[in-house]
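Beneath this line is the structure, given in structure tokens, with notes to follow.
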Amino acid sequence: LSARSHILRADVLSLSRRQRPEGTVPARLVLADPPYAMVGEAKRRADLFRALEGMIDSWIARGALLMLHHAPMPHAAWPTERMECFDRRIYGNSQISLFDINEEPEREQR
């Protein structure tokens, strides 16, 4: 797999302000493990998702899969228009939430 993949370990908030190096492609798989407090607090969760959404098309490919590791929040409201949570699994004091990156932002229905 190493010939077909590249692992980038970075802070999402600082990475969102950088340009992707020329010759690389946006990620099709994103594994995010932010501090639990970042996901647990509404404002910080909104900051995280705003940064992630801002990386779509540059660092994150449309149609990518995002795995978010956080404290259990089985009924969380995710502040995003570009990502859809399609599965969640709770393992003790951890939860894995899986998101599809939508091809286009969802439009308000009229």
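Count residues from 1 along the sequence. Just so you know, these numbers use all the heavy atoms, side chains as well, and skip hydrogens, waters and symmetry mates.
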N/O donor to acceptor pairs below 3.5 angstrom from side-chain atoms of residues 21-35, sequence neighbours left out:
from, atom 1, to, atom 2, distance (Å)
Thr24, OG1, Pro21, O, 2.6
Arg28, NH1, Arg62, O, 3.0
Asp33, OD1, His69, ND1, 2.6

How long is the span from the [atom1] atom in [X] to the [atom2] atom in [Y], to the nearest 0.5 Å?
X	Y	atom1	atom2	answer
Ile56	Asn102	CD1	CG	8.0 Å
Leu98	Leu66	CG	CG	8.5 Å
Ser94	Arg89	OG	CZ	14.5 Å
Phe49	Met83	CZ	CE	6.0 Å
Ile96	Leu68	CD1	CG	8.0 Å

Tell me whether [X] contacts the main-chain N or O of [Y] through its side chain, where contact means a donor paired with an acceptor under 3.5 Å.
X	Y	result
Asp11	Leu13	yes
Gln95	Met73	yes
Trp59	Ser16	no
Glu53	Glu81	yes
Arg88	Ser97	no

Distance-only side-chain donor-acceptor flag, Ser58 / Gln19, under 3.5 Å:
no
Can you see which heavy atom on [X] is nearest to which on [Y], and at what distance?
X	Y	answer
Asp57	Arg20	O-NH2, 4.1 Å
Ala37	Arg44	CB-NH1, 3.7 Å
Thr80	Arg82	OG1-N, 3.2 Å

Do Asp47 and Arg50 sit within salt-bridge range, that is, some charged N less than 4.0 Å from a carboxylate O?
yes
In the single-linkage hydrophobic clustering (I, L, V, M, F, W, Y; side-chain heavy atoms under 4.5 Å), do Leu52 and Leu8 co-cluster?
yes
Met67 with Phe86, same ILVMFWY side-chain cluster at under 4.5 Å:
yes
Would you say the side chain of Glu84 lies within less than 4.5 Å of the side chain of Trp78, judging by non-hydrogen atoms?
no
